[in-house]
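One structure is given here, and the rest of the page talks about it.
We count ligands from 1, going down the list as the structure has it; atoms in each ligand are counted the same way. Numbers for residues simply follow the sequence, beginning at 1.
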Amino acid sequence: MLTLKEIQRVLQPKNQLVLKEDQAIAKVEFDSRLVTVGDLFVPLKGARDGHDFIDVAFQQGALATLSDRELDIPGIYFWVEDVLEALQALAAYVLEKSQVDVLAVTGSNGKTTTKDMLAHLLATTFSTYKTQGNYNNEIGLPYTILHMPQGTEKLVLEMGQDHLGDIALLSKIAKPKAAAVTIVAEAHLEFFKDRREIAQGKLQIADGMPAGSLLLVPADPMLDDLLPDHVEVKRFGEGGDLCFSNLEENRAWLCFQTNFLQEPLQVPLPGKYNASNAMVAAYLAKAEGVSEEAIAEAFQSLTLTKNRTEWRTAQNGAAILSDVYNANPTAMRLILETFASLDREEGGRKLAVLADMKELGQESDQLHLSMITSLSPEDLDRVYFYGEEIENLAKLAAEIFPLGSVLYYPTKDFEALSQAVCADLQPADKILLKGSNSMNLAKIVEALEGD
Ligand code: 2GN
């Protein structure tokens, strides 16, 4: 892991630091709740300014902190121009000095299975680490890199984009030796003009790749004139370099033949797009040196992460934006703003179920209340609040929302909440669910999805 002197050398802080002896940091954290002894605290600006929590981080045992301003504290700090850029520089440095092979996959809603599959296949043969949850942005990617365990041989990174240029930045930090662009089919991207611009953004995954490295891209002709020429591009899908045939599909299984493996693959997932995802993962794993037997066997034991930000579909057809993974004020604000920016379906409404964010300590009430500035009756037709810590926010919201459009349920009334939401949701509606994992909103998502 990084030592204080390395951090000093990489970041060239503005303050004079006299480090008597060198010491390795335990890990990096930007959420002060997660800081433990020996960590480097990274005060980012989210819903609140992380610099306000530097004291808390030191109380939790932080060894040092970054800061974008001069501080008057007894602890060690690195005064930098921009804390996020410093985090990214540390991540790039860690990759440069390590021997790890980086593989990158562009995430798209619900299709991040490719990343999970690839990591699962590589793990049969190599010490493998991958992006957790939705940590696929300009903060999450460097965080993932810095959390990679000692001895990792293969690192599978998901790269997400909100704006054109996001993936170029991530690729330049990670410099992947191989990568895949998954299908270009999202419906809900607000900052992109059209599918072509989404594709253009995704293809920037090549921007940080060394010359000659491998890039898998859908065979879709729309991408033909967007392809980078410094990497080896292989197209997948019908008419491409990599394709599958003899697809058999049932409710739980896929079985198909690829044009690069001897034996057919059996994948315990439904949906034709999963055959494509599995094929891409298998090709990259094989290119990295995983045997065909190991690939075939690993698919049998595949399990995918479920609790993450993603679009799902209710049994009645309504769109569900489920984000029951990391509950902090920043994540809640970001998802509320994303959801607010979406258009209603014709004749449909927008609903939200917001539950407690846990472990916010004495500031809990204030931090929950501060979400009011991201809640507007123009963007939300009905809001369900669930839990004791969010109760005061519910009361505040009731003052600005029309009568009857704010509903409150205490923790003990989970069943009533679940039944009310299920009964309320109409096919043309969109619904957002957000809260701490322990609030069990995943159960409501399941209930909405039916079997
Ligand atoms: O959206 S994210 O979750 N993200 C992470 C990276 O991958 C993609 C998704 C995200 C989270 C992002 Cl993009 C950026 C940030 Cl800055 C955060 C984040 O962790 N924000 C957090 C806060 C804010 N704002 S974590 C956190 C925890 N903190 C409150 C503010 C906050 C807990 C806390 C509460 C009370 C005290 C101290 C800490 C306290 N101190 N009370 N009394 N004294």
Side-chain angles (χ1 to χ4, degrees), residues 27-36 39-62 65-68 73 82-88 90-91 106-109 112 115 129-148 157-163 166-167 169-170 173-174 305 307-310 321-339 354 356-374 389-390 393 432 434-438:
K27 56 183 170 65
V28 300
E29 294 296 351
F30 55 85
D31 181 339
S32 62
R33 290 172 296 180
L34 303 179
V35 169
T36 52
D39 288 356
L40 174 70
F41 182 57
V42 180
L44 296 173
K45 291 200 177 77
R48 285 276 308 267
D49 184 348
H51 289 79
D52 295 344
F53 301 103
I54 287 177
D55 288 352
V56 182
F58 277 110
Q59 282 160 30
Q60 302 264 103
T65 185
L66 305 182
S67 172
D68 67 8
I73 55 164
D82 184 289
V83 171
L84 177 56
E85 281 174 20
L87 176 74
Q88 294 166 346
L90 292 176
T106 56
S108 57
N109 291 319
T112 51
K115 172 208 65 175
Y129 188 64
K130 67 172 179 185
T131 300
Q132 312 286 309
N134 62 343
Y135 274 44
N136 62 6
N137 67 2
E138 77 282 7
I139 296 170
L141 178 128
Y143 180 92
T144 302
I145 293 168
L146 292 163
H147 276 243
M148 174 176 75
L157 294 174
E158 183 180 313
M159 297 186 177
Q161 58 177 358
D162 283 332
H163 306 89
D166 288 352
I167 290 187
L169 172 80
L170 302 180
I173 296 169
T305 35
N307 283 352
R308 29 168 322 152
T309 313
E310 58 184 4
L321 182 54
S322 158
D323 184 346
V324 291
Y325 189 77
N326 39 12
N328 61 63
T330 312
M332 186 172 277
R333 186 175 295 273
L334 291 175
I335 197 94
L336 280 169
E337 286 169 3
T338 300
F339 193 66
L354 304 177
D356 287 356
M357 296 178 276
K358 291 299 187 190
E359 288 152 47
L360 292 177
Q362 295 156 18
E363 302 235 324
S364 176
D365 208 38
Q366 272 313 313
L367 290 165
H368 281 89
L369 284 172
S370 73
M371 294 301 131
I372 195 71
T373 54
S374 300
E389 299 192 48
I390 209 163
L393 177 62
L432 163 71
K434 176 79 201 168
S436 270
N437 201 33
S438 64

query = With sequence neighbours left out, what residues match E359 under side chain to side chain donor-acceptor pair (under 3.5 Å)?
reply = none

key: Those residues that, when tested against A91, pass side-chain contact (heavy atoms from CB on, under 4.5 Å) (two or more places apart)   = P142, I145, L146, I173

query = Under 4.5 Å between any side-chain heavy atoms of V28 and H147, yes or no?
reply = yes

request  = Look up atom CD in Q60 and atom CZ in F41, then write down how far apart they are to the nearest 0.5 Å.
outcome  = 9.5 Å

key: The single option from L141, V42, D82 passing side chain to side chain contact (heavy atoms under 4.5 Å, CB included) against L87   = V42

Salt bridge (Lys or Arg N to Asp or Glu O under 4.0 Å) partners of residues 134-143, not counting sequence neighbours, each pair once = none

message = Which protein residues come within less than 4.0 angstrom of ligand 1, counting heavy atoms only?
response = F30, D31, S32, R33, L44, G46, A47, R48, F53, V56, N134, Y135, N137, I139, G140, N326, N328, P329, T330, A331, L334, L360, Q362, E363, L367

